[in-house]
Each structure stands twice: as structure tokens, then as C-alpha cells.
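Structure record follows, encoded as C-alpha cells.
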Protein chains: 2
Amino acid sequence: MALIDQHNAAVRNGLLAALPLADLARLRPKLHLVELPFNQTLYSMDDTLDTVLFPESGMVSLLATLDDGEQIEVGIAGREGLVGLPLVFGDDRSLVEARVQMEGTALRIGAAAFRDEMEQSDALRTLLLRYALAFHAQITLSAACNARHAIEQRLARWLLIAHDRIEANDFPMTHEFISMMLGVRRPGVTIAAGILQKAGLIHYARGRMAVTDRPGLEAASCECYHTARREFARLLGAGAAQHSD
Amino acid sequence: MALIDQHNAAVRNGLLAALPLADLARLRPKLHLVELPFNQTLYSMDDTLDTVLFPESGMVSLLATLDDGEQIEVGIAGREGLVGLPLVFGDDRSLVEARVQMEGTALRIGAAAFRDEMEQSDALRTLLLRYALAFHAQITLSAACNARHAIEQRLARWLLIAHDRIEANDFPMTHEFISMMLGVRRPGVTIAAGILQKAGLIHYARGRMAVTDRPGLEAASCECYHTARREFARLLGAGAAQHSD
DNA sequence: CGGCCTATGTTCGATTCCGAACGCTCGAAT
DNA sequence: ATTCGAGCGTTCGGAATCGAACATAGGCCG
């Protein structure tokens, strides 16, 4: 509300849309449209980050790799945010892997140019620090959620977060995939998804998944979803609240 | 190494010690020594933050409160860092509660003065953003750790983190307390602690706990501990690496 | 149409952890 | 010394989840 105001409907990334026109104008020439193809790794663990991406659509997962080689999702970015958070903090390394989980497009800027802009624009710096804090809140809640909540609640939460980041009600998604994200077994997801489907909250079939009762799904989720969403709204304005609308 | 250099041995907080002398000198008159008594809540969920604390000793836990009223630890701060992280991001609210888990002292600065200093001092801003990123890494690893690792490993990790933040080998700590921190049952901690004690890694009795074989305890912990520690060292210099020395 | 791969359904036993007790014992206070 | 409470040890049944299979079925491709 306070910060976010859709200056330009053509700007589909929430952060860019929230910038004052002058700052956006200065940034624009440095931004280049790129595709985010499904399953592409945008950067790996310990890579040097050379770009920041402002997604316009699609969904990017941040994955931590454990000692046993398993990966687990520790964060999600979509058009409400950016990919390459360490650069906001002035660092150029990442502990996690960024991988495209639903295809889309993004606006890309080089790390050096990004750094320049961060120094020159108070509005950009302020905005991105707020985003960083909102993202931090989401991870914090995930840490608590992973420790205490049942698969079914976590699945509902995850589906809501995914649903927030796409335009359609229906999106490609397998149980196998979700099980990796949540760090649980695949049958565990099948069971939990079966319960949600019987309750009429979702519908799925062979690699596609649809939310059929969004309020119901929200009720089935743990509060972590709502808390994170509120925090995004508070810090970045209602318009940035992860786009369930 | 690069950033941290003990300018003044009397400065016991790692972040303050890493500041250039000029910046530290400007900050000093605004810092006031305060006690951190055991179990004191420094701020609660949704409080407005009016101070930043730079601990000199002791340990402060950040606790998330879940829907059922249970609390679970989602972060730890000691003399390597600060309490009041949202103010570094330009915000003055917190989603979590900050509570003193081991008594100590801290240097305190008002939120307004802190904000002024952040604007004036590039060194302070850079340093605190790096700390924020290191802290962020720790939470990220906790999220993965909470989802996948067994109680015993998580207990070892927690004890190492606690051990890093105290001077003595021996510190007051009950199983009940740890169980709240880890988000598990108290007997679960007793079992896990019993195993670690039988292995000769720790010793405990009636509310006190001691690390008797630090390398062994590190081996018993999951890699999350080492990864987080490396990240602190990389971002803030070896001297800031959580003070196990 | 038939083969084949992928996605989902289902089962098995084993393990971890839960929630809730109950008992013991150390150590401090009276 | 006795009392008493906090901290720890231990047990119970049950729930959730694990790891590893195997079975079924949709859809693509030849």
C-alpha cells in the first residue's frame, strides 16, 4: 500500500513496479528480458553470482543440499521478488541452489550494474532491504514449520505459495517433485494430497495440479502461510502480497 | 580475517570490534552497558523495536511462536552479532521473541541513533549487512536441518552453538530447556544427551552441562554447524567465527 | 493398436518421535 | 535432618513417517 504502487502495468515484477518512476527509468536500460526454462539451474551452491533476476512470471526454488546429497527447498522467489539475494547484502556467493520450478520470464541485470544502482538509489536500496527482510521472515517461519507441522499442513502451505506465483489455477506439478521440496517421501505426498483432494480443496492428475477451493486450502494450511503473507504485505504493500488475486 | 581485526581488546562484541576506529569512536558515546539477566525477554513478537543490543557475553535466543502457543528457537545471537536485526533492514518490528538464554552483558544503542549511524557510516552498514547475511544463512540451514536431521545431531549442533558463545566449558542448561529450543519432547533430549554422554562427548548433571570432547561433538553434529560457521568466517572474518577458541 | 515410460496408488515392516505418565534423586530451604 | 521441588530416567501405547518395494494406470510414440 505505502510502498507498492503499480506505476506501469507493463512492469510485472513487484519490486520493479514499486520503484519511483525516475529510479525505474534509470534501471530499465540495464534490464534484459530472459527466459526461465523449467528445471534450469540459475546458480549452484558456491557459485559466484554475476546477475540479479527480477522474475515476471514462473517460480524459482532455493534449495539447500544436505550431507547425504538430498536437496530440500528453503525458499521460493517469484514475481514478488528477486533471485540473487546475496547481492543485496553486498556478497556474491550463495549457500543454496536456485532452480526454476515453473517456467517463466525475468528481467536480468548484471551484478556490477546492480551494485551501482543500489548505491545511487535510496528508493531501490530501501525497497530491496525490505524485500530481504520479508524473505528472511519466510525462511524463519519455514524453520519453525519444518520442525513442528505435519506433512498435510506443509503441503497445503506449499501449494498456496505456488498458487500465489502463477496466473492459472492449474499448473504442472508432480508428487515426486513436491516430496523433494518438502523433504519427505513421495508416498507421503500422495497420501496428504489424496486427503486434500477428497476434501475438495485441490484436484490433480498425472503431473498437473489445480487449486479448487482456495479458502479451504488456506484453512487446511498452517498459520505459517498467513503469517508470511502478512509480513510481505506489511513490508512491501498489499499489492505485493504474493499475487493470489 | 579481512574485515575483523581486534582494534581494541576491551571491545568484546565482534561486530563493534570489526569497525574502523573512527566509526567506533563516533558510536561509542551512544552505547550504554546493560545487563542481560537470565530469561529476560528483550522484545516480544510484534513489539516496536527501540534499541539495538550488541552482546558482550551471554546468549540470546530468537523464538517463533506457533499457533498452539509452543515456542521454538529459530536463531541465536551472542557476542558475534547483535539483537534487533530488523532495524538493520530499516524496519522496527519483529516476528519473533528475543529472550536471554544465558546471562551476560550488552552495549545498547537507541533505534534512532542506530539509524543515523547506519546512514553515516559505510563501514557500519557494510558490516551489519554482512552479519545479516550470515545470520540469514544460519536460519536457512536451520530450516533444512529441522526438516531432515535427527534429534541427536541437532542436539550436538545446538550445544556447539551454545558452547561457541560462552567462555566456560560448563554452563547452566536443562534438558527441558533444550527440548523447547529444538521443538522436541523433553525425554527426547534426555535420550539423545545420554548417548552423547556415554560417548564421552559431554557431561551433564542437574541443570549444568559441559562439553568434554569438542572435536567428538563436532563429529556427532550434522554438517549444518560447520557450514554455518564457515559462512560466518567467510563473511565476517575468522576472528568472528563464533568464538570457540 | 501396442509398447513403454512416467505418475500415482498401495502395501510392508521398521524406526523415530510423540504425549503423557510415574518414579527417582540431587540439592536447596526450612 | 527432613521436606520438597526441580531435573532427570524410564516406561507405555500410539501416531507419523521412513525406506523400499510392487501394482496400476494415463498418455505419448511408434
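Hydrogens, waters and symmetry mates are skipped; everything else that's a heavy atom, side chains included, is used. Chain letters run A, B, ... following the sequence lines, proteins first and then strands; every chain starts at 1.
- Scanning all heavy atoms of the two residues, the minimum distance from B:Leu201 to B:Ala220 falls at CD1-CB, 3.8 Å.
- One finds no salt bridge joining B:Asp67 and A:Arg148 here, because no Lys/Arg side-chain nitrogen approaches an Asp/Glu carboxylate oxygen to under 4.0 Å.
- The distance from atom CD of A:Glu176 to atom C1' of D:dA21 is 14 Å, rounded to the nearest whole Å.
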With side-chain hydrogen bond (donor to acceptor under 3.5 Å, both in side chains) as the criterion, how do B:Thr212 and B:His203 come out once you've worked through the C-alpha distance, each side chain's angles and the decisive distance to 0.1 Å? CA-CA 7 Å; B:Thr212 51; B:His203 177 75; over 6 Å; no

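- Salt-bridge check for B:Glu231 with A:Arg93: failed, with every basic side-chain N at 4.0 Å or more from each acidic carboxylate O.
- Using a 4.5 Å heavy-atom threshold, the side chains of A:Arg229 and A:Ile161 count as separate.
- For residues 142-157 of chain A, proximity to DNA chain D is found at A:Ala150, A:Ile151, defined as any non-hydrogen atom under 4.0 angstrom from a strand atom.
- Rounding to whole angstrom units, CZ of residue B:Arg206 and P of D:dC4 are separated by 16 Å.
- The nearest whole Å value for the distance from the CD atom in B:Gln197 to the C1' atom in D:dC8 is 11 Å.
- Not a single donor-acceptor pair under 3.5 Å links the side chain of B:Arg99 to the backbone N or O of B:Asn39.
- Rounded to a whole Å, the CG atom of B:Leu66 is 13 Å from the P atom of C:dC18.
- Using modelled atom types, no side-chain atom of A:Asn13 and backbone atom of A:Glu56 make a donor-acceptor pair closer than 3.5 Å.
- Side chain of A:Glu80 to backbone of A:Gly78: a donor-acceptor contact under 3.5 angstrom is found.
- Phosphate proximity of C:dC26 to B:Tyr204: absent, as no side-chain N or O sits under 4.0 Å from OP1 or OP2.
- Regarding B:Leu182, its CG atom lies at a distance of 17 Å from the P atom of C:dT16, rounded to whole Å.
- A side-chain donor-acceptor contact under 3.5 Å links A:Asn146 to the backbone of B:Ala143.
- With DNA chain D read from its 5' end, the first of the two nearest nucleotides for A:Val184 and B:Arg208 is the one closest to B:Arg208.
- Rounded to whole angstrom, the span from the CD1 atom of A:Ile178 across to the P atom of C:dG9 amounts to 12 Å.
- Atom CD1 in A:Ile72 sits roughly 13 Å away from atom P in D:dT17 (whole-Å rounding).
- The stretch residues 185-193 of chain A touches DNA chain C through A:Arg186, A:Pro187, A:Thr190, each having a heavy atom within less than 4.0 Å of the strand.
- Rounded to whole angstrom, the span from the NE2 atom of A:His175 across to the P atom of D:dA25 amounts to 17 Å.
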